[in-house]
Amino acid sequence: MQRQWESLNESYRIRKAECQLRDGECTITWQWPKDVEYVYIYSFKEDEEQAPEQLAPAQLKLLTREEYKVKGGYKERVSYIGARGYRIFPCLRQGSGLTAFMQADRDNYVRVSGGRAQIRCSIKYGGRLFSKFKTARIQLFCEIAVPKEALCYVKKEGAVPAHKEDGIAYPFMSDFAVGHSALPEIEVGKHDFIRLFFTESRYGEQYELILES
């Protein structure tokens with residue numbers, strides 16, 4: 001079935017898109033406009049939304065109003081990591097094809113938080129008895145690859161840092177591969193302690209940082 005895009009006609013606007021999560025499945029519902037019998041569902045990673053006219057056919061799922069009624073909405077298993085966006089485009093059948101309308105506002109958009117990949121971290125200290133310095137060795141286990149921008153380590157004298165601003169923050173220089181990683185030793189003061197934190201809170205939606213003793 002051929003498809004073309006047109007600017008939104010207000011009478012075809014999708015409204016009140018909402019989502020409910022239950023038992024690992026999301027159910028997306030919305031208010032259908034009068035005379036609209038079809039919609040396209042477009043799912044995308046957060047911050048990676050493309051303009052409608054750039055979308056390939058494989059990126060869109062066609063749903064009829066009748067299917068929506070039978071299933072009680074659009075349902076999908078939440079088997080992904082991190083957040084995803086869903087946008088619902090109203091469509092009209094015209095001749096042998098579908099006309100889809102380029103609606104891009106909050107009315108036809110929902111955001112769904114998926115699962116979180118685990119990052120397990122342990123920090124071991126070593127050094128000579130009378131030295132002013134000691135070494136810290138960070139070991140990680142990552143369920144999926146993690147970009148270096150997601151993590152930093154914070155150093156504090158006299159106690160373990162409680163949060164990212166509770167000491168001096170240092171960036172990492174390389175991404176973290178899937179599986180076990182032993183990072184190069186870090187030299188710190190004898191009374192210093194370090195701890196890993198997310199650089200931004202948004203990474204906490206995609207990863208779970210587990211600190212092991």
Side-chain angles (χ1 to χ4, degrees), residues 19-26 42-51 54-56 59 76-87 106 109-213:
C19 179
Q20 291 186 338
L21 281 172
R22 184 175 181 181
D23 298 329
E25 182 180 69
C26 69
Y42 168 41
S43 172
F44 51 91
K45 290 183 179 180
E46 191 172 39
D47 300 327
E48 295 185 10
E49 183 175 7
Q50 295 176 262
Q54 297 176 339
L55 298 176
Q59 294 175 272
E76 186 172 288
R77 295 297 302 176
V78 182
S79 57
Y80 44 82
I81 299 296
R84 293 189 70 86
Y86 291 81
R87 199 170 287 284
R106 306 307 297 182
Y109 168 83
V110 296
R111 180 179 181 274
V112 180
S113 295
R116 296 191 297 167
Q118 288 189 352
I119 303 172
R120 294 185 175 273
C121 170
S122 67
I123 301 172
K124 305 295 184 183
Y125 297 97
R128 297 178 181 177
L129 183 60
F130 298 106
S131 174
K132 295 180 180 180
F133 302 96
K134 63 183 177 182
T135 58
R137 171 61 66 90
I138 300 173
Q139 294 187 349
L140 295 174
F141 175 80
C142 302
E143 283 191 325
I144 64 174
V146 179
K148 61 181 182 293
E149 296 83 6
L151 295 171
C152 66
Y153 70 91
V154 176
K155 182 179 72 172
K156 180 181 179 179
E157 184 178 3
V160 177
H163 50 78
K164 192 181 73 171
E165 287 74 32
D166 188 26
I168 303 173
Y170 297 87
F172 288 103
M173 305 309 295
S174 300
D175 296 336
F176 306 98
V178 177
H180 291 277
S181 300
L183 306 187
E185 289 184 345
I186 302 169
E187 187 175 72
V188 297
K190 184 176 182 180
H191 302 292
D192 288 342
F193 294 90
I194 65 174
R195 184 175 177 180
L196 267 65
F197 296 95
F198 292 122
T199 55
E200 298 180 31
S201 59
R202 63 187 178 93
Y203 289 113
E205 295 185 348
Q206 186 171 0
Y207 308 103
E208 180 184 9
L209 182 56
I210 301 173
L211 303 175
E212 300 178 328
S213 57

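We use all heavy atoms of the structure for the numbers below, so side chains are in, but hydrogens, waters and symmetry mates are not. This is a predicted model, so every value here is computed, not measured.
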Report task. Check the pair Y80 / V112 against side-chain contact (heavy atoms from CB on, under 4.5 Å), numbers first and verdict last. Result -> CA-CA 10 Å; Y80 44 82; V112 180; 3.3 Å; yes

Donor-acceptor under 3.5 Å ([X] side chain, [Y] main chain):
| X | Y | answer |
| --- | --- | --- |
| R137 | L183 | yes |
| K134 | K190 | yes |
| T199 | E149 | yes |
| T135 | G126 | yes |
| R116 | G204 | yes |

Flag the pair [X] / [Y] as yes when at least one side-chain heavy-atom distance between them is below 4.5 Å, and no otherwise.
| X | Y | result |
| --- | --- | --- |
| K156 | F193 | no |
| I194 | Y125 | yes |
| Y42 | E49 | yes |
| V154 | R195 | no |
| D166 | F197 | no |
| Y153 | I186 | yes |
| F44 | Q59 | no |

So which heavy atom on [X] is nearest to which on [Y], and how close?
| X | Y | result |
| --- | --- | --- |
| C121 | L140 | CB-CD2, 3.5 Å |
| A177 | C142 | O-CB, 3.6 Å |
| V78 | G114 | CG1-CA, 3.5 Å |

With rounding to the nearest 0.5 Å, note down the distance linking [atom1] in [X] to [atom2] in [Y].
| X | Y | atom1 | atom2 | value |
| --- | --- | --- | --- | --- |
| K155 | E157 | NZ | CD | 9.0 Å |
| F198 | K164 | CZ | NZ | 11.5 Å |
| I123 | Q139 | CD1 | CD | 10.5 Å |
| R120 | I210 | CZ | CD1 | 4.0 Å |
| Y170 | C152 | OH | SG | 11.5 Å |
| S122 | L211 | OG | CG | 9.5 Å |

**Report entry** Note: R84-E76 ion pair, threshold 4.0 Å (strictly below)
**Finding:** no

Report task. Begin with the C-alpha distance, continue with both residues' side-chain angles, and end with the deciding distance and a verdict on side-chain contact (heavy atoms from CB on, under 4.5 Å) for R202 and E46. Result -> CA-CA 11 Å; R202 63 187 178 93; E46 191 172 39; 6.0 Å; no

Requested in this report: Could you walk me through whether I119 and L196 pass the side-chain contact (heavy atoms from CB on, under 4.5 Å) test, one step at a time?
Outcome: CA-CA 10 Å; I119 303 172; L196 267 65; 5.9 Å; no

Query - Over 12 foreign heavy atoms within 6.0 Å of CZ, R111 - result: yes

Report task. Applying side-chain contact (heavy atoms from CB on, under 4.5 Å), run through Y207 and I144 and close with a yes or a no. Result -> CA-CA 9 Å; Y207 308 103; I144 64 174; 3.8 Å; yes

